[in-house]
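Lettering of chains follows the sequences in order, A, B, ..., and the numbering in each one begins at 1. Just the heavy atoms: all of them, side chains too, but no hydrogens, waters or symmetry mates, feed the values below.
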There are 2 protein chains.
Amino acid sequence: MEPLQHGSVIPLYHQLKERLKEAIETGRWTLGDKIPSENQLMDQFGVSRNTSKKAIEELVQEGILYRVQGKGTFVAKPKLQQSLMGFYSFSKVLKEKGLNPKDVILKIEEVSPTEKIREALELGEDEMVIEMKRLRCANNEPYILESSFIPKSVVQDPKQLNQVGEISLYDLFSQQFNIVVTRAKEAFEPVLIRAEESEYLETEAGQPALLLERTAFDVSGMPVEFCISIVRGDRCRFYTELT
Amino acid sequence: MEPLQHGSVIPLYHQLKERLKEAIETGRWTLGDKIPSENQLMDQFGVSRNTSKKAIEELVQEGILYRVQGKGTFVAKPKLQQSLMGFYSFSKVLKEKGLNPKDVILKIEEVSPTEKIREALELGEDEMVIEMKRLRCANNEPYILESSFIPKSVVQDPKQLNQVGEISLYDLFSQQFNIVVTRAKEAFEPVLIRAEESEYLETEAGQPALLLERTAFDVSGMPVEFCISIVRGDRCRFYTELT
DNA sequence: CAGTGGTCTAGACCACGCA
DNA sequence: GCGTGGTCTAGACCACTGG
């Protein structure tokens with residue numbers, strides 16, 4: 001491990017913070033691992049305890065680490081999973097509780113992206129994408145019709161996506177492709193269900209729904225997924241808390 | 001100003017933080033005011049600079065204060081205004097930019113609350129509410145039809161609400177009734193526009209819309225407003241960023 | 001008991017904004 | 001030049017956890 005640059009314009013705690021973050025993002029430490037104590041970091045990097053503390057505290061603030069007094073400092077769950085839960089938790093989303101979630105994969109195939117998708121994923125000319133279309137159900141009733149578009153450069157072989165259903169798409173990204181999704185942009189608006197969607201969602205055309213578009217980015221800021229969801233309005237309600 | 005309790009179970013920085021927060025919430029300092037410097041707080045409360053700094057830093061983290069190097073520490077905008085801006089900024093909400101926002105008050109009157117409203121506002125039997133129904137426009141085109149329900153105990157005289165339009169409801173709350181809204185819960189779902197709403201919104205029944213319900217709370221956690229909005233789906237798009 | 005994080009002090013030097 | 005916040009050090013005592 002190279003020493004930190006003392007006397008640099010970049011604060012020591014910030015340099016240390018980046019080192020720790022890098023070690024987590026590259027998989028050096030993962031979910032639940034114990035990282036070195038304040039005293040150990042202090043010795044390893046030649047800084048004071050308050051400086052190593054400040055680096056850790058900011059990472060705790062960002063939700064990357066968590067601390068337990070008397071035990072140590074540990075790696076928290078990836079950030080996006082937390083945020084998604086915070087914003088619209090799928091369990092809370094459903095009016096009925098006691099749900100039995102299940103995803104049906106309708107198709108996985110290589111397609112030519114529309115202009116909108118090409119833009120969202122920052123693709124070049126002629127770059128192809130893999131489309132995975134899923135019907136997401138709870139208690140065997142459909143509630144979301146979802147299409148994920150993933151650049152071919154990310155997932156060379158569509159077959160690799162077949163595991164989705166057993167594990168989540170983002171877990172698959174992290175485990176199979178070494179891609180950690182850390183950020184996402186979302187846009188949504190109310191729409192009417194169209195005829196071709198109504199069949200899958202087992203409802204009628206013209207019923208209220210939410211159109212949700214999400215672009216997910218990996219740690220380097222590269223877009224890795226563009227997702228379009230149609231959410232049945234009668235089955236879903238979204239909650240947020242503004243504090 | 002009473003001194004802090006040294007040696008208490010409650011950390012000094014936390015006590016100081018509460019003192020500062022209280023001074024802001026009671027109006028001792030308001031938006032844009034400069035608060036005492038770290039050195040001044042250090043002397044006034046008999047703590048070290050790091051302790052006064054930590055109290056301030058946490059309030060900065062919570063968005064209550066902001067700091068400018070070389071100038072000082074200042075009171076930020078009330079939190080809710082920020083959150084609302086962060087979550088669905090009305091300016092970003094509109095597809096068209098260069099908007100000219102205007103609110104038309106349709107009615108202000110004392111009404112008997114429905115069961116839903118009574119529950120949201122935690123009202124007792126026979127307690128009345130003031131309903132303020134507004135049509136919110138941009139570029140003279142309607143986009144939101146909104147009804148606010150406010151407990152009569154909060155605003156004794158409906159006439160006091162007439163200023164809304166010149167200033168925002170939450171600014172009125174803070175200036176006239178000394179109520180600072182600090183928290184809000186929101187729920188939304190897609191719906192179809194109904195006949196009676198379509199007239200105001202100048203569209204057709206059956207068009208997509210967003211139904212948005214918000215309960216706003218003051219500092220003590222008392223509900224002070226329940227608001228039902230119908231948002232035209234064709235004119236609005238909501239954005240969020242998950243990080 | 002040793003190790004951890006939680007709090008706190010009393011110093012220090014720096015970059016910045018302003019008069 | 002002075003006051004501000006930004007960074008940093010080297011100590012200290014405490015409460016909690018685990019062996």
What protein N or O atoms touch nucleotides 15-17 of chain D N or O atoms at under 3.5 angstrom, if any, and at what distances?
unit_1, atom_1, unit_2, atom_2, d
dC16(D), O4', Gln69(A), OE1, 2.9

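At a threshold of 4.5 Å between non-hydrogen side-chain atoms, the residues Asn50(B) and Asn50(A) count as touching. Side chains of Leu121(A) and Pro113(A) form no contact here, defined as non-hydrogen atoms less than 4.5 Å apart. At least one side-chain heavy atom of Pro36(B) sits less than 4.5 Å from a side-chain heavy atom of Trp29(B). For the pair Arg67(B)/Glu38(B), a side-chain contact is recorded, criterion being any heavy-atom separation below 4.5 Å from C-beta on.
Salt bridge present: Glu213(A) and Arg237(B) bring a charged side-chain N and a carboxylate O closer than 4.0 Å. Electrostatic pairing of Glu18(A) and Lys21(A) counts as a salt bridge here, judged by a charged N lying under 4.0 Å from a carboxylate O.
Between Val231(A) and Phe238(A) the shortest heavy-atom distance is CG1-CZ, 4.2 Å.
Tyr13(B) has its OH atom 14 Å from the C1' atom of dC14(D), to the nearest Å.
At the heavy-atom level, Lys54(A) lies under 4.0 Å from the strands shown only through sugar-phosphate atoms. Backbone-only contact: Leu12(A) has heavy atoms under 4.0 Å from sugar-phosphate atoms and none from a base.
The 5' end of DNA chain D is approached more closely, in terms of each residue's nearest nucleotide, by Ile56(B) than by the other of Ser8(A) and Ile56(B).
Put simply, chain A comes within 4.0 Å of DNA chain C, heavy atom to any atom, from dG3(C) to dT9(C), going 5' to 3'.
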Subject >> Verdict with reasoning, Glu225(B) to Tyr170(B), per side chain to side chain donor-acceptor pair (under 3.5 Å) >> reply: CA-CA 10 Å; Glu225(B) 184 212 14; Tyr170(B) 293 152; 2.6 Å; yes

